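Each remark here refers to the structure printed beneath this line.
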Amino acid sequence: MSSPIDDRDMDDEDSRRDHTRTKASNREEDEDEEEEEEEEDGGRGGEDDDDEDDEEEEEEEEEEEPRRKKRRKTKTKRTGLSRFLDVEAEVADEEDEEDDEEEYGKDRDFIADAGVDGDEGDSHRRAVDHQRLNRRERELDDADLARLAEDVEQRYKRSAAAIPYSGDLNTVPQRLLMPSVNDANLWQVRVRPGKEREIVFSLMRKAIDVEFTNKPLTILSAFQRDSLPGMIYVEARSQDAVQSACHGLVGVFLGRGIVLVPIEEMASLLLIKKKEFVLNPGAWVRMKRGKYAGDLAQVIDVTENGEEAGLKFVPRIDLSPKEETAMVGADGKKRKKATSGSATLRPPQRFFNYEEVVKAFGRKSVQRRGSSYIFNGDTFKDGFIEKDIRTSALITENVNPTLDEITRFAKQQDAKEGRTDIDLSIIADAARKAAIVVLQPGDHVEVFEGEQTGVHGVVDSINGEIVTFRAQGFDLEGQRVEVPARSVRKRFKAGDHVKVMSGQNIDETGLVVSVTDNIVTFLSDMTLQEVSVFSKDIREAAEVGAGTNAVGDYELHDLVQLDQSTVGVIYRTERDSFRVLDQHGQTRLVQPHQITTRRTSDKAIATDAQGFEVRKGDNMKELEGQGRTGNILHIHQSFYAFLHNREIAENGGVFVTRTRALASVAPKTIGKAAGPDLSKLNPAVGGAAMGGTVGSSLFRGPRDRLVGIQVMIVQGNYKGYVGLIKDTNGPHARVELNTNNKVVTIDKSKLRRRNPDGSIAELERGGGQSDARPFMNSAVPSTPRWSGGGAKTPGWGTGRTPNPHADSGKTPAWTASSKTPNPYADGSKTPAWDMSARTPNPYATGGRTPNPHAGGRTPNPYASNNRRGRRDASSPNSGRPGNSWSDGGGGAWSPAGDNNDGPYTAPTPFASYESYANTPFGDAPTPFGSAAISAPTPGVGGTPFVADTPFASATPFTADIPFAGLGSTFAADIPFAGMTPFGGDIPFAGMTPFGRGVSTPWASSDTRPMQAIQRGPDPLWLAALEGKRPGLRLRIKGTTTTYYNGKYENTEVSLLSAFDSGNEHFNRTCSVKIVEGPDKDKELSAVPMEYLVPEPPYKPRQQALAWTGRLKGNWVELIHLEGPMDCIVKTAGAGVVQEANPKELCAYVEPSPT
Amino acid sequence: MFFIKELTHTILLHPSYFGPRMQHYLETKLYSDVEGTCSGQFGYIISVIGILDIGKGTVLSGSGQAEFVSRYRAIVFKPFKGEVVDGVVNNVTKMGFFADVGPLQVFVSHQLIHPDMRFDPNSNPPSFASDEQIIEKNTKVRLKIVGTRVDATEIFAIGTIKEDHLGVID
């Protein structure tokens, strides 16, 4: 059994098999198997067929053995019970003979002696006797010798049979067997790499197949060498034989030629180098093939012949029973498929867990035997699988187990047995050679074995395997010590700064926290994680792991594009790959080539939960989830923020979250913000100049000053959109919309400049109110449109609201007839007010018109004025004249009544005013009635009318105008119909038609009386006062059923801010502060703008803004209030003292208490 | 260890700052530039205690800026190996804890904590605790620096409390 493979094999095999044989194969052919079994006594039938190379040898021995046995048998048969007896008998015979002869001789001597003493005759007789005796003795000897020789030969043969006779037979034939020119040649055939073995087998099968046909293969043998991938060797007399043999085999590349192997190389091809497997229990090996390929295993025991080793390793059990059932349930073909499928998808390494396996495969599949389990024919113990594997299927060299793998073994054992008996020195041993290589002069080493154990010092020189170092400490200080390199290891102590030179953690640096034998644990500089490495792999280093965080062009914490929609931040760099956290929070391992590009987010800005700007580098805190804090590394699409916090262990401290879920932790950039940058221009010196240029120079393109300005589109499909002018081309501009990043080409006339404060200005003129006068003329064309509408409410049809933006630039608004031009917008209004301002008469005209609301509106400011005068007296209810009005009673005029009490009662105009006021009131019913007829709903809704102080103020008049213009009562209805919405909560919309219908004819016809009609402010009057609004004193009017159900009706407020939505779909709202009454100082937000009417100044020295009229837009100071319609003011700028209508003024801020 | 050290700092001044308040600018700039920074060589500059010489400005040709090399005296803090310092625990993880020693962050590995003190993952805040002592956030500890890592702009140290007279202090 122990004899090596030698040429005897070839010898025997050649004689036995002449067609095909496979050499250097681990498997036996079936044929052999059969032979073997025949030859065997039957005891070995169950042996695995994939056993060993040397079964050939066994087999030969078996062959020999029976022969020997036979011999032995025959011998025993022949020699009877004991050859000893036989020998003894023979010996006894010989001895007898000798004895006889001796006796005989004695006799003769005796006779002779007697004869000597006797006569002559006796002496002759004695001579004859002697001769005869001699002859006889000689004959005897000859026969004996032959027998002896035979005997000896037999005896030696018998004893020699115990030792295989392999002397001469072994060497002589080998010489003779060396191939010569007369022998068949060896041909090299190229095949698909990896398929060599299969092809050899298929060749063999083919040979068997066609052996007894009329065209048997004429090749003698074929073999393959593992060390020579991609080729097989075929022994044949001719190339044709090889060609025909290989013809039709898949994977054979006959096209690449069949090469003759030179005779002298043939032998070496078949030379097998016997490898010395010295596997010791406890050694580490790796699997070569199969499911466990590459897995680390520990040797438990080795069979005596060293061919099999009992291994322990971590099992890979596929715990998905679905596949298993499929396997069982289906036929063989399917099963094969299933197994191959599971082979491709290799289950992960997991320790055997009885419960899990039982759960997956059922209780029956696992048997328990002592402390181990049997499952699928394998034994599992302590979670490991224990299996005998042929050593040829193991990698025994360069195993290099990693610390991770070993600790895996260790941990499991630890868990089971409560101790670590893992011998790390095994790894260390394996790596010791490498350790010598990494030693360098200057390294701090210590001796850990041998006589000098414990001595440490600094390496002086390394000479081959001998390390010379200068010892430190104790009495050896300064001495030179020479030790074998394998006995020293690098020495580190806590606090050393080290760098990893090789292995998984290469280039990591850190501070050593502990040293246990040859394992050093250090705290990584990069991740602040503890890392354990072998001392051989590290070196003291001064630098911080700079190399660690860069692979290729990418660095740690770079924002990288992984694919079209995925970006990620590198949170860990490995030797040649990255760990990346993508925006969805997934981590992945990527190679540098998988990264499309690196992105920067230096300029990216997002808003945090409070709407503040966040940028890269800000310290933020998560408001939801785990509440982590971190420093923003990157912002992606203004939505995702990647943050980093060293204290978070997960993903290297990098995490991703939504920017909206973040809040700033600290005031921004504390450190850097301190002090101005003295190397730049002093902001204090050139500040003004700079401030001016910085902003605008950016926006001012080289060709057109309009390029880059922010505009709002006031007409067309994109009405209300805000954008930036990208380019201009004659009358057109290309505008990039803010909303959707789209660039649209739009007529410049449809654009308005949008100032930073949100106000709108003429595009070309660069802000300011435009002169509205020109539009007076253009108003004419709009008339037909209105009348053309037929229905009195053309405005309704379109549902448009007056365009607030038209305020500043009316022209386009007018020309674009689809829009609802706002008649009240400035220009047109001015003359009307002028008129009224001059003549108190308008009331006369007002009286003429049946519309009561004109009058209704007028007194109100005064009413409030009065109330202001005597605050305490006023109750919220008193501010709601509308209620009484709805009753149709004169009580509606209670405010007017108040007037009488007020300080300003005296002036004549006032009285007249009152009378006038009454007049419309009296007339009021008429329109009401008509309204009820023409449009019941609005009519019925009396409340709206009540509500209407503002309404009345705003538009009613307008209503008249058509009336006047058309000269029919029917026309009078129109306004009322139009008012419906007013009452019904959409006052604004309701106004529109009024405004339109009314003003147009009025403007066109230019009927003076009409102009004289006093009007309430347009609801948009506020919107028109862009930028000048906060602080204005206003009064809430018309909210009876709408805003808070009129709770704040007639409340005096000061404006805090106004929101101009800029389109008809959203209310224009204001936030205001109540300045009087029980709710003083309460802030109201989202008060619809149309409910706010200006509060005129009532007191000398009070500041006011002319919100309409001649002085529109100017600040004035009230000097003297002459009456409800008349006052003297001084303009703020020029200081010109002039007359003004208080109603055109809106008081500003709190009046001083005096 | 704290030292009083004379140091220099170079300030570049834009011409627009030349004028009566130049001195003031420079001083402010010096303070803001220097205090709280860390140089590997000298450690953390805790506070400027005096400006010895703001320097004579040299106008640089080309830019017109003036360069002032200011000399000042400052308190610096430089940690040394073997130094015993007091700190406040800032963060406790299972690997150990981080303590702030003034501006310096010191990590004390669990290996350098006495084995009696075990990490208690269930405690809130996380802590290392033995029968008598507990180390959690804001605990004051006395520790010995066993190693420092000195970068150009940062110093990091690891410490131990596994020796006599080290550990929690009251």
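Throughout, protein chains are lettered first and strands after them, A, B, ... in sequence-line order, and every chain is numbered starting at 1. Predicted model, so just to flag it, every value in this text is computed and none were measured. When reading the values below, keep in mind they use all heavy atoms of this one structure, side chains included, and skip hydrogens, waters and symmetry mates.
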(message) Just verifying a value: how many Å separate I145(B) CD1 and L511(A) CG, rounded to the nearest 0.5 Å?
(response) 11.0 Å
(request) Verify the neighbour count for atom CZ of R73(B): are there more than 12 heavy atoms of other residues, nucleotides or ligands below 6.0 Å? (result) no
(request) Mark yes when over 12 heavy atoms from residues, nucleotides or ligands other than K94(B) sit less than 6.0 Å from its NZ; otherwise mark no. (result) no
(request) Please list, chain by chain and in numerical order, all residues satisfying side-chain hydrogen bond (donor to acceptor under 3.5 Å, both in side chains) with K144(B), sequence neighbours excluded. (result) E163(B)
(message) Less than 4.5 Å apart, side chain to side chain, heavy atoms only: is that true for K81(B) and D496(A)?
(response) yes
Portion of [X] that has a non-hydrogen atom of chain A nearer than 4.5 angstrom:
X: T148(B); value: backbone
X: I158(B); value: both
X: F107(B); value: side chain
X: F98(B); value: side chain
X: E35(B); value: neither

(message) Quick check on T516(A) against chain B: is it the side chain, the backbone, both or neither that has a heavy atom closer than 4.5 Å?
(response) neither
Got a list of side-chain donor-acceptor pairs under 3.5 Å for residues 122-130 of chain B, not counting sequence neighbours?
residue, atom, partner, partner atom, Å
S123(B), OG, D120(B), O, 2.9
S123(B), OG, P125(B), O, 3.1
S123(B), OG, S127(B), N, 3.1
S123(B), OG, S127(B), OG, 3.0
S130(B), OG, E132(B), N, 3.4
S130(B), OG, Q133(B), N, 3.2

(request) Please identify each residue that fulfils salt bridge (charged side-chain N to carboxylate O under 4.0 Å, His left out) with D100(B), with sequence neighbours left out. (result) none
(message) Can you tell me which residue among L523(A), V515(A), T521(A) is in a side-chain contact (heavy atoms from CB on, under 4.5 Å) with Q111(B)?
(response) T521(A)
(request) Give me the contact list for residues 42-71 of chain B versus chain A, heavy atoms only, anything under 4.5 Å, ordered by residue number. (result) Q65(B)
